[in-house]
Trainee: 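Before anything else, here's the structure in question.
On a predicted model such as this, the values are computed, not experimentally measured, just so you know. Below, all heavy atoms of this structure are taken into account, side chains as well, without hydrogens, waters or symmetry copies.
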Amino acid sequence: MRPATLLCFDYGLKRIGVAVGQTLTGTATPLATVAVSHNRPDWHRIDALIRQWQPQALIVGDPLTMQDGRQPLTEAADRFSRQLAGRFKLTVARAEERLSSREAASRHGGKDKRDDIAAQIILEGWLAQQHATG
């Protein structure tokens, strides 16, 4: 895998967690939380993050059920992925995200959902999968 910077998004109806990662090191770091208002992400904030980090690709968590089924949030994440690809002309990949919010709460040491940590967990999993298959 060529060295690349990636941004990962944990899409939610109220907040989107964002993490940044590097394929060279296989690591990810929580970065930011972006607000969603009236079903619209704060595109100005997302644009600023993309300009700052200049990622080669974007990763979006795929919110499937434990039985691999789709749910209403899956449709919203699909739409968000298409919008990212269209707006920023970058490759957008999807990544397994089941139990990432639970793991984020565990890492954070509390019940408060940490969206940026969930994005970090999603990206770490995606990077590990790419390394194993690459």
Trainee: Would a 4.5 Å heavy-atom cut-off, applied to side chains only, mark L90 and L84 as touching?
Mentor: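 No, every pair of side-chain atoms sits at 4.5 Å or beyond.
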Trainee: Mind checking whether I59 and F9 have side chains closer than 4.5 Å, heavy atoms only?
Mentor: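 I59 vs F9: side chains apart.
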Trainee: In Å and rounded to the nearest 0.5 Å, what is the SG to CD1 distance from C8 to I121?
Mentor: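 That separation rounds to 10.5 Å.
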Trainee: If we ignore hydrogens and angles and just use 3.5 Å, is the side chain of E96 paired with the main-chain N or O of R94 as donor and acceptor?
Mentor: no
Trainee: With rounding to the nearest 0.5 angstrom, report the CG to CG distance, L73 to L13.
Mentor: 5.0 Å
Trainee: Using the ring-ring contact (aromatic ring centres under 6.0 Å, His included) criterion, which residues pair with W53? Sequence neighbours excluded.
Mentor: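 Partners of W53 under the ring-ring contact (aromatic ring centres under 6.0 Å, His included) test: none.
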Trainee: Nearest 0.5 Å please: distance from the CD atom of Q83 over to the CZ atom of F80.
Mentor: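 Nearest 0.5 Å value for the CD-CZ distance: 7.5 Å.
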Trainee: Side chain of T74, backbone of P63: donor and acceptor closer than 3.5 Å?
Mentor: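 Yes, the answer is positive, given that a donor and an acceptor are paired below the 3.5 Å cut-off.
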Trainee: I need the Q22 CD to L123 CG distance, nearest 0.5 Å.
Mentor: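 Taking CD in Q22 and CG in L123, the distance rounds to 9.0 Å.
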Trainee: With salt bridge (Lys or Arg N to Asp or Glu O under 4.0 Å) as the rule and sequence neighbours excluded, what pairs involving residues 48-61 come up?
Mentor: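 As it turns out, the salt bridge (Lys or Arg N to Asp or Glu O under 4.0 Å) pairs with a partner in residues 48-61, which skip direct neighbours, are D47-R51.
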Trainee: Show which side-chain atoms of residues 25-38 pair as donor or acceptor with protein atoms under 3.5 Å away, not counting sequence neighbours.
Mentor:
| unit_1 | atom_1 | unit_2 | atom_2 | d |
| --- | --- | --- | --- | --- |
| T25 | OG1 | T27 | N | 3.4 |
| T25 | OG1 | T27 | OG1 | 2.6 |

Trainee: To check you understand the geometry: which heavy-atom pair defines the closest contact between A77 and V60, and what is its length?
Mentor: O-CG1, 4.3 Å
Trainee: Could you give me the CA-CA distance, side-chain angles and deciding distance for T5 and Q54, then say whether side-chain hydrogen bond (donor to acceptor under 3.5 Å, both in side chains) is met?
Mentor: CA-CA 7 Å; T5 298; Q54 300 193 2; over 6 Å; no
Trainee: Rounded to the nearest 0.5 Å, what separates atom CZ in R15 from atom CZ in R114?
Mentor: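 Going from CZ on R15 over to CZ on R114, the span is 10.5 Å.
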Trainee: Could you report the tightest heavy-atom contact between A118 and D10, atom names first, then the distance?
Mentor: CB-OD2, 3.2 Å
Trainee: Supply the atom-to-atom distance H44 NE2 to L49 CG, rounded to the nearest 0.5 angstrom.
Mentor: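 With rounding to 0.5 Å, NE2 (H44) is 13.5 Å from CG (L49).
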Trainee: Should W43 and I50 be counted in the same cluster of Ile, Leu, Val, Met, Phe, Trp and Tyr side chains packed under 4.5 Å apart?
Mentor: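 Yes, one cluster joins them.
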Trainee: Report yes if some heavy atom in the side chain of L6 is under 4.5 Å from a heavy atom in the side chain of L58; otherwise report no.
Mentor: no
Trainee: Between T23 and L127, is any pair of side-chain heavy atoms under 4.5 Å apart?
Mentor: yes
